[in-house]
Each structure stands twice: as C-alpha cells, then as structure tokens.
Amino acid sequence: MGEVELSCLAYAKMYLHASQFPRSSVNGLLLSSSPAGAAVCITDCVPLLHSHLSLAPITQLALTQVDVWCSQTQQRIVGYYQANACVSDSSPTPCALKIAEKIFEQCNNAVLLMIDGEKMFPGCRVPPIVMYERKDARWALKDKHTIMLRQWEETCSIVNQLFSSGDQTLLVDFDSHLDDITKDWTNQKLNAKIMELISPANGNV
Amino acid sequence: MRDKLRKWREENFRNSEQIVDVGEELINEHASKLGDDIWIIYEQVMIAALDCSRDDLAWSCLQELKRQFPDSHRVKRLAGMRLEALESPNPLWMSTQQAARKRKISILRAQGKSSEAIRELNEYLEQFVGDQEAWHELSELYINEHDYAKAAFCLEELMMTNPHNHLYCEQYAEVKYTQGGLENLELARKYFAQALKLNNRNMRALFGLYMSASHIAASPKVSAKVKKDNVKYAAWATSQISRAYQMAGRGKKENKCSVKAVEEMLESMQITMS
C-alpha cells in the first residue's frame with residue numbers, strides 16, 4: 001500500500017504523551033496538513049485520553065472538536081494512535097479498532113499506530129511503533145519499509161532535549177483539558193518549542 | 001533457611017513477616033554462600049518487606065537488584081511496587097493479608113492478566129466490602145473489558161456509599177451513555193445532571209449533559225414533551241459551556257484555538273438538532 005511519513009513533531013508528542021502516563025493506556029489522533037494523495041504525511045497529532053478510553057461520550061466529544069479544529073486549520077484526521085498500559089502487549093484493542101474504523105470511513109488510507117512500550121527506552125535503535133493499515137476489510141500490519149521517519153537520530157535527540165529541559169510537562173491532552181479548560185489541547189506552546197528544536201537540524205531559517 | 005524461602009516462593013506463601021525474618025538474616029549473614037540464588041531471594045524479601053512496611057529493607061534489596069540488573073523490566077516493576085506501597089494508605093490499619101492481596105491484584109493488572117485480576121478483586125471485595133479503592137479499581141477493570149453492566153454495578157455501590165462524590169455520578173453516566181439505547185441515555189442525562197448539582201464546574205458532566213440531551217431530543221421515539229424538555233436541557237448546557245470557555249479564554253492567547261473549536265462545534269450541533 002502507500003507510504004506513510006511520520007513527522008518529528010507528531011512522533012515527539014506521541015512519545016511524550018505515552019511517557020506522561022506510564023501506567024495508563026493513552027490514545028490520540030494523527031493529523032495531516034498535506035493534501036490527500038497516495039502517500040500519507042502525518043504532520044501532527046492530538047493527544048486525547050489517558051483514562052477510560054473505551055467510554056463513548058468523551059471520545060465522541062474529542063473527535064468532534066478535533067474535526068472542527070482541523071477544518072479551521074486545513075488539516076485532516078488521518079489516523080489514530082494508542083499505547084497500552086500493559087507494555088508487553090501492543091496489539092490493537094477493540095476500542096482502537098473501532099475508532100480507527102470511524103476514521104477510515106472518512107479517510108481511505110487511514111493508519112492505526114500502536115506504540116510498543118517495550119521499546120520505549122533511551123538508546124533503543126528502532127522506533128517503538130507498530131503500524132496497521134486497512135487491507136481486505138481488516139487491519140493488517142504495514143510493511144516496515146513503507147514507513148518513513150525522516151532523521152530518526154535527530155528526532156530522538158529532540159525528544160531527549162525536551163525531557164532534559166523539562167518541557168515534556170507542557171504536553172496537554174484532551175483529558176487534562178477537561179480537568180482544566182484553560183489548558184490548550186492543541187499544544188501551541190509545545191509545538192513552537194519543538195519546531196524551534198527542529199529548525200537547526202534542517203538548516204531552515 | 002534458604003530451603004524454607006524456596007518452599008514459600010514456590011507455594012506462593014504470603015507469610016511476609018516470616019520471610020522478612022528469615023530473609024534478612026540470610027542476606028546479612030550468609031550472602032556469600034547463596035550464589036545466584038541471592039537475586040531471587042532479594043526479590044522475595046523485598047516484596048515481603050513492603051508488606052511489613054520495612055522500607056529500609058525493601059530499599060536495600062532493590063538497590064542490589066538494580067545494580068545487578070540495571071535495565072531489567074522486572075526490577076522496574078519492583079521499583080514501581082515500592083512506590084505504590086509508599087503512596088498507598090497506611091498499612092498499620094490495613095492488615096498484612098489485605099495489603100498482600102491488593103498487591104497481588106496490582107501485579108496481575110500490570111501483567112495484563114485482567115480476568116484473573118477481576119476474579120481476585122471480586123473475591124477480595126466479598127471479604128473487604130467497604131474498600132472504596134477496590135470497588136473503583138474493579139469498575140475500571142470492567143470498563144477496560146467492555147463489561148459495562150458490571151462496571152455500572154460497581155459504580156452504583158460507590159454512589160450509594162459516597163452520595164456527594166460528583167466523579168462517581170459522572171463516571172456512572174458515562175458508562176450508561178456508552179451502553180446506549182434510549183433508557184440508558186435518559187439515565188445518563190440524569191446522572192450527568194446530578195454530578196453538576198454536586199459540582200457545577202465538572203466539564204465532563206456538562207458536555208455529557210449536552211450530548212445526552214441532544215441525542216434524546218433527536219430520537220424519533222420520544223414524545224413531543226420529552227423532546228421539548230431535552231432541547232431545553234441541551235440549550236442550558238450550551239450556554240454554560242460557552243460561558244465557561246469564554247471565561248477560560250479571557251486574556252490567554254494560547255487557548256484561543258480550543259475555544260474557537262468548541263464554539264464552532266456547538267454551533268454546528270445546534271443546526272443538526274433543529
């Protein structure tokens with residue numbers, strides 16, 4: 001199937017989200033600001049929940065709000081990620097499959113990304129992710145060679161920098177937003193910090 | 001002595017005081033003679049030490065294990081257990097047996113063995129029926145297993161013994177909403193409303209009230225009166241949500257995005273409802 005590219009920004013925020021709640025399952029949505037095409041470019045993500053992932057009301061609410069925000073900002077929801085509380089099991093739960101199905105209804109190359117908790121330690125050589133795509137009416141493992149994480153080493157280094165500067169605490173997920181609505185689930189502040197760290201690596205001004 | 005420890009290990013005895021007595025002596029006096037057995041003894045003694053609130057002993061065992069197995073997940077879990085033990089209610093009033101059983105359940109949970117954890121927790125609650133934390137944990141386990149009816153039962157227990165707790169009301173409402181169907185939606189709406197009565201700043205309850213009332217109003221099966229009432233509830237919820245977000249957004253440039261998203265969402269849902 002098509003290629004999937006995962007940006008540093010999206011990866012970093014997913015990683016931070018899973019790290020922030022190490023003993024809970026967490027989930028979120030994967031977004032793209034690129035036009036629809038054969039390849040999927042995951043340019044950002046929105047961390048959603050860290051409790052009661054399988055209960056409907058807050059999930060529905062979050063999906064609706066993110067949808068609205070996406071149309072305001074020319075982005076699309078192209079996938080879903082989840083990290084299970086039990087690190088030794090990174091297979092998609094029924095709840096993950098359900099939400100991924102919903103996303104697939106609107107986006108025919110949607111991806112389902114599971115974070116592999118066992119590979120989330122510093123110095124790990126491979127990205128701790130497992131990706132699934134819709135094939136023959138089920139979600140099948142995606143060929144690793146079609147998944148691209150540009151500048152993997154720089155991405156790891158950026159994540160480490162976020163932890164050492166304490167900026168990982170800036171991450172707000174939708175659950176935390178509902179506990180305190182002055183917190184911004186679109187994470188503008190954290191996004192800016194991450195983009196600052198990325199630019200020197202790309203040589204962009 | 002080490003045979004005793006082995007026997008207790010193999011038969012999963014939770015005689016923590018004895019393990020601490022025997023184990024501590026073994027470690028302090030005879031460590032050199034234990035060979036590779038020492039690591040599993042450290043683990044066994046550490047867990048028993050936590051049961052007996054002997055954090056000094058637990059800490060030194062953990063340090064030895066960390067030194068020998070620096071990247072081990074098993075050791076990390078032990079460290080987590082120690083933190084859990086330090087956070088949990090004072091073991092002085094909770095018997096060793098009680099604490100040990102709860103710890104066993106936490107371990108099962110951490111290992112992903114949900115059905116076993118559920119079974120153990122049910123047995124535990126037969127004996128310690130007043131343990132709120134245990135009831136809540138059981139409700140969470142059932143929610144993760146999508147057994148919403150049983151989760152609702154646990155939350156009902158909690159609401160009965162904690163009638164002023166808005167969180168239990170709101171979680172119960174969420175479970176009912178998830179179960180679906182008109183009757184459950186109406187129950188959900190009632191309990192979201194109850195949660196708001198207890199705490200009018202519970203945003204989940206506010207949104208929940210809005211969504212359940214909207215769904216009921218949109219259902220073809222309800223009478224005109226029920227529809228009218230629910231439209232009113234939803235409208236009230238909308239105004240409260242808008243007000244809350246306006247107050248939150250004041251002066252904070254960074255959350256203008258989330259505020260705008262809510263405003264537009266409420267607008268678009270109004271249109272579909274009418």
Side-chain angles (χ1 to χ4, degrees), chain A residues 22-25 46 49 51-73 84-91 93-95 98 117-124 170 172 174-192, chain B residues 71 73 76-77 80 84 106 109-114 139-140 143-146 148 151 170-171 173-180 188 192 201-208 210-212 215 241 244-245 247-250 252-269:
Chain A
R23 290 197 252 159
S24 308
S25 294
V46 175
L49 308 178
S51 65
H52 301 151
L53 269 61
S54 64
L55 289 182
I58 305 304
T59 302
Q60 282 180 9
L61 177 69
L63 280 167
T64 313
Q65 280 210 29
V66 175
D67 220 6
V68 167
W69 182 60
C70 279
S71 50
Q72 291 170 346
T73 52
N84 291 334
C86 176
V87 292
S88 56
D89 177 14
S90 60
S91 49
T93 57
C95 147
K98 215 165 157 193
E118 289 200 309
K119 299 205 176 76
M120 272 183 73
F121 55 88
C124 179
L170 288 175
V172 175
F174 200 77
D175 246 342
S176 309
H177 165 79
L178 288 176
D179 290 332
D180 174 3
I181 56 172
T182 59
K183 290 191 175 160
D184 170 30
W185 55 260
T186 66
N187 286 293
Q188 299 300 302
K189 219 171 172 182
L190 180 61
N191 282 2
Chain B
D71 281 334
H73 281 274
K76 285 198 183 102
R77 239 176 248 146
E84 245 178 279
S106 302
R109 239 195 129 159
Q111 292 172 332
K113 297 183 177 159
S114 307
S139 76
E140 303 244 327
I143 289 172
N144 288 343
E145 296 299 302
H146 305 276
Y148 301 120
E170 181 255 300
Q171 280 173 27
E174 282 193 55
V175 170
K176 286 290 150 193
Y177 184 106
T178 308
Q179 283 180 292
F192 281 130
R201 286 183 300 169
N202 184 329
M203 288 310 292
R204 287 185 180 81
L206 201 43
F207 275 114
Y210 172 70
M211 286 163 63
S212 43
H215 281 301
I241 293 171
Y245 272 88
M247 288 193 44
R250 233 187 263 160
K252 280 208 178 185
K253 189 167 160 263
E254 67 202 27
N255 53 25
K256 284 283 191 284
C257 300
S258 26
V259 173
K260 271 182 73 187
V262 171
E263 285 171 0
E264 219 188 275
M265 177 196 84
L266 291 174
E267 259 182 53
S268 68
M269 283 177 93

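Throughout, a chain's letter reflects where its sequence line sits, starting with A, and its residues are numbered from 1. Every value quoted in this text rests on a predicted model; they were computed, and no experiment measured them.
A distance of 9.5 Å separates OG in A/Ser24 from CG in B/Asn144, rounded to the nearest 0.5 Å. Rounding to the nearest 0.5 angstrom, the gap separating the CZ atom in B/Arg201 from the CG atom in A/Asp180 is 10.0 Å.
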**Test log, rule side-chain contact (heavy atoms from CB on, under 4.5 Å), inputs A/Leu55 and B/Tyr148** = CA-CA 9 Å; A/Leu55 289 182; B/Tyr148 301 120; 3.9 Å; yes
**Request:** Using the ring-ring contact (aromatic ring centres under 6.0 Å, His included) rule, take A/His177 and B/Tyr245 through it: C-alpha gap first, then chi angles, then the decisive distance, then the call.
**Result:** CA-CA 11 Å; A/His177 165 79; B/Tyr245 272 88; 5.6 Å; yes
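Looking at heavy atoms from C-beta onward, B/Tyr210 lies out of side-chain contact with A/Leu61 at the 4.5 angstrom threshold. Side-chain contact check for A/Cys86 versus B/Arg109: every heavy-atom pair is 4.5 Å or farther apart. Side-chain atoms of A/His52 and B/Glu140, non-hydrogen and from C-beta on, do get closer than 4.5 Å to each other. When side chains are defined from C-beta on, A/Ser54 does not count as touching B/Thr178, because their heavy atoms never get closer than 4.5 Å. Side-chain contact between B/Phe207 and A/Leu178 is present, with at least one heavy-atom pair separated by less than 4.5 Å.
For chain A, no part of B/Ala173 is nearby; none of its heavy atoms comes within less than 4.5 Å. Using a 4.5 Å cut-off between heavy atoms, B/Gln111 contacts chain A through its backbone alone, with no side-chain atom that close. Residue A/Cys70 does not touch chain B at all, counting heavy-atom pairs closer than 4.5 Å.
Per-residue counts of heavy-atom pairs under 4.5 Å with chain B were compared for A/Ser51, A/Ala56, A/Pro94; the largest is that of A/Ala56.
Within 6.0 Å of NZ on B/Lys76 lie more than 12 heavy atoms contributed by other residues, nucleotides or ligands.
A salt bridge is defined here as a Lys NZ or Arg NE, NH1 or NH2 lying under 4.0 Å from an Asp or Glu carboxylate O, and A/Asp175 with B/Arg204 meets this definition.
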